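Okay, so here's the structure we're looking at.
From a predicted model like this one, the values you see are computed outputs, not experimental measurements. Chain A is the first sequence line, chain B the second, and so forth, proteins listed ahead of strands; every chain is numbered from 1.
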There are 2 protein chains.
Amino acid sequence: MATRAARGYGQYSGTARALERIGDRWALLIVRDLLVGPRRYGDLKASLPRIPTNILSDRLKELQEAGVVRRVPTVRGGYELTRLGLALEPVVVALERWGWSELGEPVEGDTVGADALAISLRAAFRADAAAGLPPTEYVLHVGGVSLSVIVLGATLDIVPIGPGALPQPRRRSAFEPVPGALLELALEPDSLRDLLAGDAARATVLAGDDELLERFVLTFRIGPAAPPTERAPAADAAA
Amino acid sequence: MATRAARGYGQYSGTARALERIGDRWALLIVRDLLVGPRRYGDLKASLPRIPTNILSDRLKELQEAGVVRRVPTVRGGYELTRLGLALEPVVVALERWGWSELGEPVEGDTVGADALAISLRAAFRADAAAGLPPTEYVLHVGGVSLSVIVLGATLDIVPIGPGALPQPRRRSAFEPVPGALLELALEPDSLRDLLAGDAARATVLAGDDELLERFVLTFRIGPAAPPTERAPAADAAA
DNA sequence: CGGGATCCCAAGCGATACTG
DNA sequence: CAGTATCGCTTGGGATCCCG
């Protein structure tokens, strides 16, 4: 039985209400993955390796009761976000931006999921900078997962490559591969972090030239959550 | 002793890292209140009526360890956000916007806090719409708490009125009260929700005219998180 | 493969009492 | 007022078994 988030905060407040709905452990990570596209129960389980199956089951039930998630009628074990769930994108993106700069080095045992990576890139996407650049496809291989990222003007389309994605009527952008508009990179997770931070990063360029790499850096960027420019000499230091 | 959020998610992901830092119950509500200004232990306790004192104590310790919160050296029991903590504003604002439209009627026992209200207004603030309007002060009385809200061009300055605020060197905006630029409203929490949603709302106008009320509605607005338009998946647009 | 049920332990949470 | 200490309840987590 769903654990019922009956423990409210006793406040008539948007933040409190939101946390009552999606504040439980694991809940927003499930939403994050579903923001990339519909997923099956097993996909989510694989994407969230440490989640116990009963918790995943409970959360999916609660998220359905909250109107955030619904089942995909045509697919056994398929789940997708409702409109209300899709509206959580700004929340997840804001969290992703904040947490990204807090990523130190990967801890032993940390995994990198394709969906998580897709959201990172969505959070890093600079629509204004991209608008002036020619259509480009980026293919990223990061720590075992692969993503195809198509930037067409100010629009962004990310599709994980390989198994896990649930086939959907969702069309790719009207993008026809332009010769010389493909950058393919292979890098480690912490190198991607450095790259998005604008720092020098070790990356293996499998296809494309330096100009395309520059284009990538212009298009995708997550600055530090707390810029060092602060008048008061804060004692705290990010570890 | 701080309970240590050692239970990580095992993912090298911004969202996961963020939730490990500020995903614990009550944590973001504490951050929300501190976003309005430095507060004392007792202020927070009063603002979050249902929080057990040991949990408040634990969370403040954890938030300090996470570099989000620090003590105000000059004030006994005073806490404030660090730069990193201030950087959580987009997260809280996004949550507030999403949760606001999920506020039904107040549940018996729900309280309304001045700080929570201040964040609601910050989330509802339309800088672009406000930029074209003359400087205005709004004084709101909502369910027992009062706020002074000064809009000066595209800037917003909110100060709770009454006890609870910790005196700070923070200056009010360079705002000199203009005669005829003050709207004072008294309303119930659910009426404010309707007002910000753009619906008709029962409000008692204590000072000001209809034109000022119209100005308020233009300046502050939180639309539904899930607009009734289902079909369009809406490519994300930077606001 | 999807997903529900159970058992068990550990950790988180909540209420209250207590101390500086 | 600003916490700490304690205690009992609830939840999460891991493992496992089960059913369709």
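The 5' end of DNA chain C is approached more closely, in terms of each residue's nearest nucleotide, by A:Gly42 than by the other of A:Gly42 and B:Ile55. Residue B:Thr53 is the one, among A:Asn54 and B:Thr53, whose nearest nucleotide of DNA chain D lies closer to the 5' end (criterion: closest heavy atom).
Considering B:Leu182, B:Leu140, B:Ile161 as possible partners of B:Ser148, the one that fulfils the side-chain contact (heavy atoms from CB on, under 4.5 Å) test is B:Ile161.
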Q: Fill in the dot-bracket string of DNA chain D, one character per base: . for unpaired, | for a pair to another strand, ( ) or [ ] for pairs within the strand, taking Watson-Crick or G-U pairs under 3.5 Å.
A: .|||||||||||||||||||

Donor-acceptor pairs under 3.5 angstrom involving side-chain atoms of residues 30-38 of chain B: please list them, not counting sequence neighbours.
{"unit_1": "B:Arg32", "atom_1": "NH1", "unit_2": "A:Gln11", "atom_2": "OE1", "d": "3.2"}
{"unit_1": "B:Arg32", "atom_1": "NH1", "unit_2": "A:Ser13", "atom_2": "OG", "d": "2.7"}
{"unit_1": "B:Arg32", "atom_1": "NH2", "unit_2": "A:Gln11", "atom_2": "OE1", "d": "2.7"}
{"unit_1": "B:Asp33", "atom_1": "OD2", "unit_2": "B:Ser47", "atom_2": "OG", "d": "2.8"}

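Without hydrogens or angle criteria, A:Arg17 side chain to B:Trp100 main chain gives no donor-acceptor distance under 3.5 Å.
Rounded to whole Å, the distance from CD on A:Glu62 to P on D:dT11 is 10 Å. If you take CG of B:Leu48 and C1' of C:dA15, they are 16 Å apart, rounded to a whole angstrom. Across the protein-nucleic acid pair, B:Lys45 atom NZ and D:dG3 atom C1' stand 10 Å apart, rounded to whole Å. Distance, B:Asp24 CG to D:dT11 C1': 13 Å, rounded to whole Å. Rounded to whole Å, atom C1' of D:dG3 lies 14 Å from atom CD1 of B:Ile30. When rounded to the nearest whole Å, the span between OH of A:Tyr41 and C1' of C:dC1 equals 11 Å. Distance, A:Asp43 CG to C:dG2 P: 7 Å, rounded to whole Å. In this structure, CZ of B:Arg50 is placed 15 Å from P of C:dC13, rounded to the nearest angstrom.
With contacts defined as side-chain heavy-atom distances shorter than 4.5 Å, the pair A:Leu195/A:Phe220 does not qualify.
For B:Glu89, the salt bridge (charged side-chain N to carboxylate O under 4.0 Å, His left out) test picks out B:Arg122, with sequence neighbours left out.
Under 4.0 angstrom from either OP1 or OP2 of C:dG3 there lies at least one side-chain N or O belonging to A:Tyr79. Between C:dG14 and B:Arg25, a contact under 4.0 Å exists linking OP1 or OP2 to a side-chain N or O. Using a 4.0 Å cut-off, some side-chain N or O of B:Arg71 falls inside it from OP1 or OP2 of D:dG3. Using a 4.0 Å cut-off, some side-chain N or O of B:Lys61 falls inside it from OP1 or OP2 of D:dT4. Under 4.0 angstrom from either OP1 or OP2 of C:dG12 there lies no side-chain N or O belonging to B:Trp26. Put simply, B:Ser57 has no side-chain N or O that comes within less than 4.0 Å of OP1 or OP2 on D:dG3. Within the 4.0 Å cut-off from OP1 or OP2 of C:dG3, not a single side-chain nitrogen or oxygen of A:Arg76 is found.
With respect to the salt-bridge test (charged N to carboxylate O, under 4.0 angstrom), the residues B:Arg25 and A:Asp24 do not qualify. Salt bridge absent: A:Glu102 and A:Arg193 never bring a charged side-chain N and a carboxylate O closer than 4.0 Å.
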